[in-house]
Visitor: 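First, the structure itself, so that you have it in front of you.
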Amino acid sequence: MKKTITRTALITLGITLIVAIAVFGIVSFCLPSVMMDFTASLGMKSLSGDYAFQEYERSGSIDCLVRSFVIAAEKENDRIADDRFGILYGEENSEQRDRFDVYCNGYEIDSSEAGNVNVAMRSYLLGLASRVKYRLAKTSEERRESVCEFAIGATDKSFPQGNPVVYLSVEAVGKRDGAFCKLMLEKIGDAGFERNADYDNIVKLLEGV
């Protein structure tokens, strides 16, 4: 009798697990947006970002694409982040670049990365991308050409708060990368930015390294 009860319980448990796994798989495949929010609520940010990217592939939601890129960048999953940024930013003069610009227009985000100030969404995303590209760069030449120039080119001449140059400079200062900080000082000095408090603070940080 006990064996029969134990066998029945094990069969029931096995069936329950199979059904649960099947439901999980179906929801993951059909409703990645649900799994995106569910995994985020559990603190599983990287997995949430992956589901956000799946939802972008399913629905074309730029919000989900942005979310997937931001999470990957913040978690320093740099190769994935760079790939997703490439999709988000698109090529110059492309339809996707226009879509990116429209998405960012007038959108601000509170960013502790830039000293708890309101930062334009465009600056925030391009700043994260600058840091990702810096971490991926293998040589000093690559950093000079594809990282430093990217950040400076993406920064408005008015040198607004939380701009890509700020993000990149903070990353290099944090790594105590003296050679790159010297390069940044040279490039910033030649870029024709307006002098303001943020500009002076970044210059001081770079000079300190």
Side-chain angles (χ1 to χ4, degrees), residues 62-63 65-76 78 81-82 84-86 88-94 96-137 139-209:
I62 192 170
D63 279 313
L65 178 56
V66 167
R67 179 172 177 170
S68 72
F69 160 66
V70 169
I71 289 174
E74 291 178 344
K75 289 293 184 179
E76 297 192 12
D78 294 321
D82 193 48
R84 291 174 182 174
F85 177 75
L88 173 64
Y89 197 45
E91 298 291 334
E92 189 173 359
N93 298 322
S94 67
Q96 182 59 31
R97 180 67 61 85
D98 292 340
R99 190 182 181 203
F100 174 83
D101 290 338
V102 170
Y103 176 82
C104 292
N105 187 34
Y107 200 154
E108 291 189 343
I109 184 168
D110 179 51
S111 172
S112 59
E113 300 279 349
N116 295 313
V117 296
N118 288 328
V119 176
M121 175 59 81
R122 181 185 181 85
S123 288
Y124 175 66
L125 295 176
L126 294 176
L128 286 180
S130 297
R131 298 178 73 168
V132 167
K133 292 179 183 298
Y134 171 84
R135 292 193 294 261
L136 285 173
T139 65
S140 58
E141 189 65 25
E142 188 176 354
R143 287 179 176 173
R144 176 186 295 272
E145 293 182 358
S146 63
V147 181
C148 188
E149 292 182 9
F150 172 82
I152 289 175
T155 299
D156 189 81
K157 294 300 181 183
S158 64
F159 210 80
Q161 292 180 319
N163 62 65
V165 166
V166 169
Y167 274 80
L168 180 57
S169 298
V170 169
E171 182 75 17
V173 168
K175 295 290 192 298
R176 309 301 296 175
D177 187 345
F180 189 76
C181 289
K182 181 180 179 181
L183 171 64
M184 284 293 291
L185 281 169
E186 294 173 356
K187 291 290 187 179
I188 291 172
D190 294 337
F193 292 122
E194 293 180 15
R195 296 289 298 270
N196 55 33
D198 294 292
Y199 180 96
D200 291 338
N201 287 335
I202 283 301
V203 168
K204 287 178 182 178
L205 282 176
L206 293 168
E207 288 176 341
V209 177

Visitor: Looking at Arg97, is its backbone amide N or carbonyl O close enough to the side chain of Glu91 to form a donor-acceptor pair, meaning the two atoms are under 3.5 Å apart?
Guide: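 Flag not set: sc Glu91 to bb Arg97 has no pair under 3.5 Å.
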Visitor: For the residue pair Arg131 and Asp78, establish whether any side-chain heavy-atom pair is separated by less than 4.5 Å.
Guide: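 Arg131 does not reach Asp78 side chain to side chain.
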Visitor: Would Arg143 count as a cation-pi partner of Tyr134, with NZ or CZ less than 6.0 Å from the six-membered ring centre and within 45° of the ring normal?
Guide: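 Verdict for Tyr134: a cation-pi partner in Arg143.
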Visitor: NZ of Lys175: more than 12 outside heavy atoms within 6.0 angstrom?
Guide: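 It does: Lys175 NZ has more than 12 such atoms within range.
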Visitor: Decide if atom NZ of Lys204 counts as having more than 12 heavy atoms of other residues, nucleotides or ligands within a radius under 6.0 Å.
Guide: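 12 or below, so no.
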Visitor: For the residue pair Asp177 and Val209, establish whether any side-chain heavy-atom pair is separated by less than 4.5 Å.
Guide: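 Counting from C-beta outward, Asp177 and Val209 never come under 4.5 Å.
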Visitor: Would you say that Leu205 contacts Ser169 through its side chain, given a criterion of any heavy-atom pair below 4.5 Å between the two side chains?
Guide: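 A side-chain contact under 4.5 Å is absent here.
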Visitor: Considering all heavy atoms of both residues, which atom of Ile202 and which atom of Val166 are nearest to each other, and what is their separation?
Guide: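 So the minimum-distance heavy-atom pair works out to CG1-CG2, 3.8 Å.
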Visitor: Mind listing the closest non-hydrogen atom pair of Tyr124 and Val119 along with its distance?
Guide: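 Residues Tyr124 and Val119, closest heavy atoms: N-CG1, 3.9 Å.
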Visitor: With a 4.5 Å heavy-atom cut-off, do Phe193 and Thr155 have their side chains touching?
Guide: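 Yes, side chains in contact.
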Visitor: Against Val165, only a single residue in Asp198, Leu206, Ile188 fulfils side-chain contact (heavy atoms from CB on, under 4.5 Å); can you say which?
Guide: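 Per the side-chain contact (heavy atoms from CB on, under 4.5 Å) rule, the option paired with Val165 is Ile188, out of Asp198, Leu206, Ile188.
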Visitor: Shortest non-hydrogen contact from Ala172 to Phe180?
Guide: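 Where Ala172 meets Phe180 most closely, the heavy atoms are CB-CD2, 3.5 Å.
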Visitor: Would you indicate whether the side-chain heavy atoms of Glu207 and Val203 approach each other to under 4.5 Å?
Guide: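 Touching, per the 4.5 Å side-chain cut-off.
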